[in-house]
Structure formats: C-alpha cells, structure tokens
Amino acid sequence: MRFISSIIFIILSLAIFFGFTNGRYEKTKDVRLEIARFDDALQKASDLAVLRDSLKEKFNSFSQNDLHRLDTLLPNTIDTVRLIIDINGIARRHDLTVLNIVVDGAADTSSKKTTIGPQEKPYGTILVSFNITTSYDRFKSFLGDLENSLRLIDVDSVTLGEENPITGMTTYAIRAKTYWLR
C-alpha cells in the first residue's frame, strides 16, 4: 500500500507540474524576455542621456564669439540679406560698389547629376551674381578678401566686360556659390 501511494503521489505531482506549473513557468520566460528588453532600453536611454550631457557640456564650452563665427561660416538658414551685406562690406573696404546683385536660392546644381539612390545632402547652395567696376589690381584685392572672408564662398565664374578707355576701369561680372546647413 505504501508503494502504491508513493506512485500515486509521484504521478499526481507530475500531472500538477505539467498541467499547471509548467504552463505558468513558460509564461514567466516571455515576461523575463520582455523585462530584459525594457532593461536594455533603459540602459540605452541612460547611455544617451550621458552622451547628451557630455555633448551639451562641450557645446557650452565654446565661446559665443566662436559660435557666431561658426554660424557665419556655415549658417543654418538662408539669409540673403546678410549675404549681400557681407559682400557689400568687403567691397566697401576697397571703395567699390556692388551692382546688379541677384541671389538665386534654388540653384543647387548638384541635384542635376544622374545618380542612383537619394541625393539629399546636409547642405544647400545659393548662387549670387553681381557686377563690380574697378581696376584689375583692386579687383584682385577684392577677390582675395572675398576668399579670406569668414563666410564660405566659391567663385564660379568671372566675366570681363570692356575696359572704359577714359577711366581705365573694367566691369567684372561675378557668379559665386555659398552654402548653408539644411
């Protein structure tokens, strides 16, 4: 009798384990995996917060003058008025007058190339065209200052007009490209 009751208890305990306990245990495995995913996401969020704080600390270590110079070099927006003022300021240092200024903000010529896949660049370009009437030496000096200015400007083309025989001045038509962050 003792032997039979032992076998009945073993069979009953196996039936309870496979019928009830094992099902509940399998459900806890899914919950454990979900908890592990949440713990991983919390760890990544914590790492990102530390990275954000360190980058914010680095950004705050820059002086306002440096940030202003960086914004002048590669601005976040298209500011055509500021661009014209900058070019006109460089011309004024050489006692020159900028004439016929045309700013074309939709002249991103890089999108005309045939490529496979997206061509989205993190920067945009603006074409600026203007005329200056001056002597060759003053024009070279003006271009040197334009090249050394803080704003990033690439001169695409320079077209020479006819020289005025009375004044000795030549009209130069300049087309330049400048950049901005998108």
Side-chain angles (χ1 to χ4, degrees), residues 13-94 98 101-130 141-158 174-182:
S13 64
L14 286 173
I16 290 173
F17 174 75
F18 286 112
F20 178 75
T21 308
N22 194 30
R24 301 282 179 178
Y25 182 71
E26 291 297 324
K27 287 182 182 177
T28 61
K29 284 184 182 178
D30 294 339
V31 171
R32 286 184 194 163
L33 286 174
E34 196 170 327
I35 289 172
R37 277 190 238 132
F38 283 135
D39 286 342
D40 187 41
L42 285 173
Q43 182 61 40
K44 287 181 181 177
S46 174
D47 293 344
L48 286 175
V50 168
L51 179 63
R52 179 202 63 207
D53 292 342
S54 71
L55 289 175
K56 189 174 184 179
E57 185 178 312
K58 283 182 184 178
F59 180 79
N60 290 336
S61 70
F62 293 124
S63 70
Q64 288 299 325
N65 186 34
D66 289 342
L67 291 175
H68 176 70
R69 292 182 67 196
L70 184 61
D71 190 46
T72 302
L73 174 71
L74 199 57
N76 291 333
T77 59
I78 302 173
D79 189 0
T80 56
V81 174
R82 174 60 49 197
L83 175 64
I84 292 169
I85 289 171
D86 289 346
I87 292 173
N88 201 21
I90 294 170
R92 244 185 288 139
R93 280 184 270 175
H94 298 279
V98 178
I101 298 177
V102 176
V103 178
D104 185 11
D108 196 352
T109 57
S110 63
S111 64
K112 295 179 184 177
K113 295 179 182 176
T114 306
T115 59
I116 298 174
Q119 183 79 14
E120 189 65 31
K121 294 182 179 176
Y123 62 89
T125 59
I126 302 170
L127 285 179
V128 180
S129 302
F130 56 92
S141 180
F142 168 75
L143 279 183
D145 282 356
L146 191 64
E147 176 186 2
N148 293 325
S149 72
L150 196 53
R151 182 177 288 268
L152 191 59
I153 299 174
D154 291 333
V155 175
D156 280 350
S157 68
V158 175
I174 300 167
R175 190 178 85 180
K177 187 188 304 183
T178 187
Y179 304 90
W180 61 279
L181 288 176
R182 292 184 193 240

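What you see is a predicted model; the values in this text were computed from it and never measured.
A donor-acceptor contact under 3.5 angstrom links the side chains of Asp47 and Gln43, judged on distance only.
The only option from Val81, Ile87, Leu83 that meets the side chain to side chain contact (heavy atoms under 4.5 Å, CB included) definition with Ile85 turns out to be Val81.
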Legend entry - Residues Asp154, Tyr179; criterion side-chain contact (heavy atoms from CB on, under 4.5 Å); working and verdict: CA-CA 9 Å; Asp154 291 333; Tyr179 304 90; 2.5 Å; yes

Inset, instruction - Give the C-alpha distance, both sets of side-chain angles, the deciding distance and a yes or no for side-chain contact (heavy atoms from CB on, under 4.5 Å) between Leu33 and Lys29. - result: CA-CA 6 Å; Leu33 286 174; Lys29 284 184 182 178; 5.8 Å; no

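Summarising the geometry, atom CG belonging to Leu150 is positioned 8.5 Å from atom CG belonging to Asp86; distances are rounded to the nearest 0.5 Å. In this structure, CZ on Arg175 lies 5.0 Å from CG on Asp156, to the nearest 0.5 angstrom. The distance from atom CG of Leu146 to atom NE2 of His94, rounded to the nearest 0.5 Å, is 9.0 Å.
Within the 4.5 Å cutoff, side-chain heavy atoms of Ile90 are placed close to those of Arg93. At a threshold of 4.5 Å between non-hydrogen side-chain atoms, the residues Glu34 and Asp30 do not count as touching.
A donor-acceptor pair is defined here as one N or O able to donate and one able to accept, closer than 3.5 Å; such a pair exists between the side chain of Asn60 and the backbone of Lys56. Side-chain N or O atoms of Asn88 include none that pairs as donor or acceptor with a backbone N or O of Ile84 at under 3.5 Å.
Shortest non-hydrogen contact noted between Trp180 and Thr125 is NE1-N, 3.8 Å. Taking every heavy atom of both residues into account, Leu152 and Thr178 meet most closely at O-OG1, 2.8 Å. A pairwise comparison of heavy atoms in Ser149 and Ile153 identifies OG-CD1, 4.4 Å as the closest pair.
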